[in-house]
Amino acid sequence: MTRIPPPVRPQLPSKPVLPKPPHTLPPRLPPGIKPSPIDWKKLLGTVSLQDRLVAGRLHQTLGQHVNSLAGKLAELRAGNATLKRGADGVMRGPEGQPLVTVKLDGGRTAYVDPNTNQYYLPNDSIRYCRMPDSIQAKGPMTLPKDAQFSNSYFTVAEVKDLNRIANPRIGRIVLDQPSRFEDAKK
């Protein structure tokens with residue numbers, strides 16, 4: 001009789017043995033010093049996320065409204081107002097309220113009052129060599145629905161923050177404004 005060898009079982013790969021990482025201790029602070037908590041209000045500002053998103057899209061939404069027929073009719077019906085630059089560098093409305101300066105997509109500039117959801121358009125006929133202390137503008141006109149801020153009161157510091165969001169500098173990454181980069185991808 002011939003002997004049949006027993007069947008060979010396939011050998012399963014064993015679990016790889018990973019080297020143990022060296023034991024590290026968390027960094028220690030000198031005795032008596034406690035880590036300071038992060039002040040998120042100071043880091044992010046007090047402007048709500050909704051208002052940040054509105055400010056980030058303001059150049060586009062208000063630019064489209066100003067160039068539309070409804071925007072042109074509102075500009076024709078609007079009265080004249082004098083806007084003045086405050087000592088802190090922020091443009092101020094006729095009653096002294098701080099305004100957000102927005103460079104619109106069409107090349108114009110608009111001054112937005114986030115407290116009342118109104119905006120002013122400077123007269124195009126005047127060109128300046130330097131920043132004027134006061135300008136003549138048409139307004140106030142009501143912001144379109146998709147460009148309106150919440151009904152909260154904005155301080156001068158918050159308006160400066162909205163200015164920074166509405167007019168980002170070139171080369172700076174702004175996470176609040178995905179709409180500016182979506183068109184470039186297409």
Side-chain angles (χ1 to χ4, degrees), residues 45-184:
T46 56
V47 179
S48 70
L49 178 62
Q50 176 189 357
D51 290 331
R52 287 177 174 275
L53 292 174
V54 168
R57 293 188 304 254
L58 203 55
H59 69 95
Q60 185 179 24
T61 54
L62 188 56
Q64 289 173 354
H65 175 72
V66 166
N67 292 328
S68 71
L69 181 61
K72 293 189 185 298
L73 288 174
E75 188 177 351
L76 288 174
R77 283 188 236 127
N80 289 325
T82 302
L83 308 178
K84 296 183 180 182
R85 187 172 305 282
D88 52 2
V90 176
M91 287 301 286
R92 302 231 174 226
E95 291 87 32
Q97 71 274 26
L99 302 175
V100 177
T101 304
V102 181
K103 304 286 185 196
L104 302 178
D105 281 350
R108 295 182 74 180
T109 301
Y111 298 98
V112 177
D113 184 359
N115 295 319
T116 61
N117 286 321
Q118 294 178 332
Y119 69 98
Y120 300 87
L121 291 174
N123 296 336
D124 289 334
S125 60
I126 303 172
R127 301 283 181 219
Y128 299 104
C129 297
R130 63 179 185 87
M131 295 301 283
D133 291 333
S134 65
I135 59 170
Q136 293 296 317
K138 290 279 197 176
M141 296 168 273
T142 305
L143 284 172
K145 292 284 182 197
D146 54 349
Q148 291 192 355
F149 293 94
S150 66
N151 292 331
S152 62
Y153 174 76
F154 293 95
T155 63
V156 176
E158 291 169 337
V159 169
K160 284 183 179 181
D161 194 26
L162 290 173
N163 266 326
R164 183 186 56 78
I165 295 168
N167 301 301
R169 289 180 172 71
I170 296 173
R172 192 173 94 202
I173 297 173
V174 180
L175 299 177
D176 303 356
Q177 303 177 7
S179 62
R180 286 194 182 186
F181 302 109
E182 289 173 359
D183 296 334

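For this chain, numbers begin at 1 and follow the sequence in order. This structure is a prediction, so every number in the text was calculated from the model and none was measured.
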Do Pro140 and Tyr119 come within less than 4.5 Å of each other through their side chains, counting heavy atoms only? no

Hey, does Asn123 have a side-chain heavy atom less than 4.5 Å from the side chain of Lys138? yes

Looking at residues at least two apart in the chain, or sitting in another chain, which of them share a side-chain contact (heavy atoms from CB on, under 4.5 Å) with Glu158? Thr46, Val47, Phe154, Thr155

For the pair Gln60 (side chain) and Asp105 (backbone), establish whether a donor and an acceptor sit closer than 3.5 Å, ignoring hydrogens and angles. no

Can you list the residues that meet the side-chain contact (heavy atoms from CB on, under 4.5 Å) rule with Ser68, with sequence neighbours excluded? His65, Ala70

Just verifying a value: how many Å separate Arg85 CZ and Ile135 CD1, rounded to the nearest 0.5 Å? 7.5 Å

For Ala74, all residues meeting side-chain contact (heavy atoms from CB on, under 4.5 Å), sequence neighbours excluded: Met141

Rounded to the nearest 0.5 Å, how far apart are CG of Asp133 and CG of Leu83? 12.5 Å

Pairs satisfying salt bridge (Lys or Arg N to Asp or Glu O under 4.0 Å), at least one member in residues 58-68, at least two apart: none

For Val66 and Lys72, work out which heavy atoms get closest and say how close. O-CG, 3.7 Å

For Pro122 and Thr109, the nearest pair of non-hydrogen atoms, with its separation, is CD-O, 3.0 Å

Who passes side-chain hydrogen bond (donor to acceptor under 3.5 Å, both in side chains) against Ser48, sequence neighbours left out? Asp51

I'd like to check the side-chain hydrogen bond (donor to acceptor under 3.5 Å, both in side chains) partners of Asp146; sequence neighbours left out, ordered by chain and number. none

Minimum-distance pair of heavy atoms, taken over all atoms of Ile165 and Gly56: CG2-N, 3.8 Å

Nearest heavy-atom neighbours spanning Leu62 and Ala110: CD2-CB, 3.8 Å

Minimal heavy-atom distance between Gln148 and Leu143, with the atoms involved, is NE2-O, 3.0 Å

Table please: side-chain donor-acceptor pairs of residues 90-102 below 3.5 Å, with sequence neighbours left out.
| residue | atom | partner | partner atom | Å |
| --- | --- | --- | --- | --- |
| Arg92 | NH1 | Gly96 | O | 3.0 |
| Arg92 | NH2 | Asp88 | OD2 | 3.1 |
| Glu95 | OE1 | Gln97 | NE2 | 3.4 |
| Gln97 | OE1 | Glu95 | N | 3.2 |
| Gln97 | NE2 | Asp113 | OD2 | 3.2 |

All heavy atoms of Asn117 vs all of Phe149, minimum pair found to be OD1-N, 2.8 Å

